[in-house]
Amino acid sequence: MLDIKVIRQNPEKIAAGLARRGLTAGLDNFLELDSRRRELLVEAEALKNRRNQVSAEVAQRKKKGQDATELIAAMREVADRIKELDEAIRTTEEELQQLLLTIPNIPHESVPDGLDDTANVEVRRWGELPQFDFEPLPHWEIAEKLNIIDFERGSKVAGARFVFYRGAGARLERALVNFMLDLHTIKHGYTEIFPPFMVNSNSMVGTGQLPKFAADMFHVEGTDYYLIPTAEVPVTNLYSGEILDGEQLPIYHVAYSACFRAEAGAAGRDTRGLIRQHQFNKVELVKFSRPENSYEELEKLTRDAEEVLQLLGLPYRVVVLSTGDLGFSAAKTYDLEVWLPSAATYREISSCSNFEDFQARRAGIRFRPGPKEKPRFVHTLNGSGVAVGRTVAAILENYQQKDGTVLIPKALKPYMGGLEVIRPE
RNA sequence: GGAGAGAUGGCUGAGUUGGUCGAAGGCGCUCGACUGGAAAUCGAGUAGACGGGUCAAAAACUCGUCUCGUGGGUUCAAAUCCCACUCUCUCCGCCA
């Protein structure tokens with residue numbers, strides 16, 4: 001959510017920022033509502049002031065045993081008018097709030113302009129692409145031959161875009177979760193959180209999934225619960241409505257969670273394999289930072305996520321998203337894209353973003369910079385560290401051998417009980 | 001699921017015959033005094049949001065409105081009375 005005062009003072013600047021995202025709608029309606037609200041407020045507050053003074057007078061007279069009936073009668077009318085004004089203010093604010101909640105964040109100045117992902121800019125590459133003296137198979141074929149992922153039974157029991165992991169496949173998934181959590185907690189200093197996998201609608205508004213993107217999520221019918229699309233939601237909302245001590249910042253959290261996405265509008269895309277599932281596992285990094293440090297923190301967070309891929313020996317590149325590809329709440333995002341040999345392309349495996357105070361304002365996450373200073377909104381950041389299912393896909397494809405077996409990356413062996421290679425059972 | 005108790009400021013904790021209560025006291029914190037320095041002691045200060053004024057603007061200052069779980073109601077006036085909801089705690093039942 002943008003700062004209403006900033007919009008009021010620099011409407012043309014905000015409009016220019018939104019235009020970079022390709023949004024041309026003006027802010028006139030917004031500004032009109034805003035000034036109407038203030039007019040109503042001024043009138044209502046003046047009346048309330050008078051009412052309060054007269055009420056004090058009534059109290060005085062009663063104490064002295066004097067009559068106050070004419071004062072009370074006069075205030076009865078004032079009270080009616082106040083009620084009318086309060087109602088008008090309430091509806092105006094409601095409208096304003098709804099509008100405000102649907103306006104996306106303003107891109108950071110360093111974000112490249114563009115209409116879509118074709119305008120994303122590569123920042124760096126890491127790793128040697130694997131060379132094969134055979135035709136590399138897609139991960140779903142490798143997995144089926146090894147009998148470690150069951151796509152068909154996933155569909156039978158749950159539906160399309162669900163799988164069963166089995167044997168060494170299940171072990172691999174679990175090993176990756178533990179490997180990532182250990183790396184981020186022990187080496188990078190994040191505090192581990194194990195969050196709820198369902199949250200209420202208020203939390204979804206806090207991080208920006210609601211009200212605009214309800215169709216992308218699973219909602220538990222008859223309740224106010226939503227399945228989380230990412231641990232970002234519960235972990236960012238951990239401190240919602242709180243004023244943190246400035247000395248606590250920055251706060252680093254890492255959380256494993258299952259993630260649930262309805263993938264509305266993705267029909268026909270990535271229908272095979274692990275790339276696009278309704279349920280997948282992810283280790284998520286979340287930071288709460290002072291505003292002045294948040295871009296530094298974004299760079300560090302991105303490097304922390306990259307290290308997962310480096311230790312696993314998976315080639316990747318980092319791209320900065322263009323204004324057209326940027327998510328609703330983000331001011332700047334780096335995507336990590338891992339190499340998938342079967343498709344001979346890089347595919348997103350992590351997304352690291354700085355939301356500045358956009359989420360903090362929605363969720364009410366503030367900090368006190370110092371004693372006696374006024375509370376300010378924190379900056380929130382998060383990034384996948386990293387998506388587990390896609391990591392499995394990348395390992396299977398990059399480490400596949402001619403004989404159909406798959407080598408286990410060195411860093412992962414301790415987590416696989418010393419297993420060196422996955423063979424068909 | 002059943003029965004009961006409760007929800008007040010950073011924390012703790014008063015306040016329920018409605019009327020200077022945004023709120024006593026304590027703790028914590030900030031500033032000052034005392035001290036060679038510190039502790040102890042003493043003094044002062046210490047919630048948030050929104051809006052008006054001042055101002056180019058911000059900060060600061062000042063005036064006002066709202067907020068004592070949330071939403072609504074009664075009243076000239078509600079932390080205090082009424083209704084609904086949420087959450088917490090205790091006991092019982094059930095349960096991984």
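So you know, we letter chains A, B, ... as the sequences are listed, proteins then strands, and number each from 1.
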Report summary line: Residue pair A56(A)/R90(A) against RNA chain B: nearer the 5' end by closest nucleotide is A56(A)
Requested in this report: For nucleotides G48(B) and A39(B), find the distance between their C1' atoms and express it as a whole number of Å.
Outcome: 35 Å
Query raised in the report: Atom CG of D80(A) to atom C1' of U74(B): distance rounded to whole Å?
Result: 13 Å
Report task. Indicate whether any N or O donor in one side chain lies under 3.5 Å from an N or O acceptor in the other, for N200(A) and S203(A). Result -> yes
Report task. Please measure how far the C1' atom in G18(B) lies from the corresponding atom in A23(B), and state the result in whole Å. Result -> 15 Å
Requested in this report: Using whole Å, report how far CD of E39(A) lies from P of G64(B).
Outcome: 23 Å
Requested in this report: Kindly point out which of C76(B), C66(B), C50(B) is positioned nearest to the side chain of I72(A)?
Outcome: C76(B)
Query raised in the report: Does a donor on one side chain sit under 3.5 Å from an acceptor on the other, for H379(A) and E297(A)?
Result: no
Report summary line: Testing A58(B), A49(B), G51(B) for proximity to the side chain of V42(A), the answer is G51(B)
Requested in this report: Take E263(A) and R276(A), measure what salt bridge (charged side-chain N to carboxylate O under 4.0 Å, His left out) needs, and give me the verdict at the end.
Outcome: CA-CA 8 Å; E263(A) 298 297 338; R276(A) 196 176 295 274; 3.0 Å; yes
Report task. Mind calculating the distance between CD1 (I4(A)) and P (C50(B)) to the nearest angstrom? Result -> 9 Å
Query - Distance, C1' atom - from A7(B) to G69(B), rounded to whole angstrom - result: 6 Å
Query raised in the report: Counting any heavy atom closer than 4.0 Å, what does R8(A) reach on the DNA or RNA strands: base, sugar-phosphate only, or nothing?
Result: sugar-phosphate
Requested in this report: Identify which nucleotide among U65(B), G19(B), G48(B) has an atom closest to any side-chain atom of E45(A), counting heavy atoms from C-beta outward.
Outcome: U65(B)
Query raised in the report: With a 4.0 Å cut-off on heavy atoms, is L71(A) in touch with a base, just the backbone sugar-phosphate, or nothing at all?
Result: nothing
Query raised in the report: Taking the side chain as C-beta and beyond, is there a heavy-atom pair between Y334(A) and E306(A) under 4.5 Å?
Result: no
Report task. Kindly say if R368(A) contacts the phosphate of G48(B), meaning a side-chain N or O under 4.0 Å from OP1 or OP2. Result -> yes
Query - Atom-pair distance (CZ on R38(A); C1' on G64(B)), nearest Å - result: 16 Å
Requested in this report: Quick one: do D335(A) and S351(A) satisfy side-chain hydrogen bond (donor to acceptor under 3.5 Å, both in side chains)? Show the steps, please.
Outcome: CA-CA 4 Å; D335(A) 270 8; S351(A) 199; 2.8 Å; yes
Report task. Could you work out the separation of C21(B) and U16(B) based on their C1' atoms and round it to a whole Å? Result -> 13 Å
Report task. Give a yes-or-no answer on whether the side chains of E192(A) and Y256(A) include a donor-acceptor pair shorter than 3.5 Å. Result -> no
Report summary line: When rounded to whole Å, the NZ to C1' distance for the pair K83(A) and U74(B) reads 9 Å
**Report entry** Minimum-distance nucleotide to Q9(A) side chain [options: G51(B), A57(B), C76(B)]
**Finding:** A57(B)
Query raised in the report: What integer distance in Å separates K48(A):NZ from G64(B):P?
Result: 15 Å
Query raised in the report: Closest nucleotide of RNA chain B for R76(A) versus for I243(A): which of these residues is on the 5' side?
Result: I243(A)
**Report entry** For atom CD of Q53(A) and atom P of C76(B), their distance in whole Å
**Finding:** 19 Å
Report task. Decide yes or no for E397(A) and P138(A): does some side-chain heavy atom of the first lie under 4.5 Å from some side-chain heavy atom of the second? Result -> yes
Query raised in the report: Within a radius of less than 6.0 Å around CD of E292(A), do more than 12 heavy atoms belonging to other residues, nucleotides or ligands occur?
Result: yes
Query raised in the report: Checking all strands, does R366(A) fall into the base, sugar-phosphate, or nothing category for heavy-atom contacts under 4.0 angstrom?
Result: sugar-phosphate
Report task. Please measure how far the C1' atom in U75(B) lies from the corresponding atom in G93(B), and state the result in whole Å. Result -> 44 Å
Query - E45(A) with K48(A): basic N within carboxylate O range, under 4.0 Å - result: no
Query raised in the report: With rounding to whole Å, what would you report as the distance between G64(B) and A5(B) at their P atoms?
Result: 42 Å
**Report entry** Nearest-angstrom distance, P atom, A84(B) to G28(B)
**Finding:** 43 Å
Query raised in the report: When rounded to the nearest Å, what value does the distance between P atoms of U20(B) and A79(B) take?
Result: 10 Å
Query raised in the report: Nearest to the side chain of S55(A), which nucleotide is it out of C66(B), G51(B), G19(B)?
Result: G19(B)
Requested in this report: Could you check whether N52(A) gets within reach of a base, just the sugar-phosphate, or nothing at all, counting any heavy atom under 4.0 Å?
Outcome: sugar-phosphate
Query raised in the report: Name the stems that RNA chain B belongs to, where each is three or more consecutive Watson-Crick or G-U pairs with both distances under 3.5 Å?
Result: B:1-7 with B:86-92, B:10-12 with B:25-27, B:28-33 with B:41-46, B:47-53 with B:61-67, B:69-73 with B:81-85
Query raised in the report: Nearest-Å distance, CG (N10(A)) to P (A58(B))?
Result: 10 Å
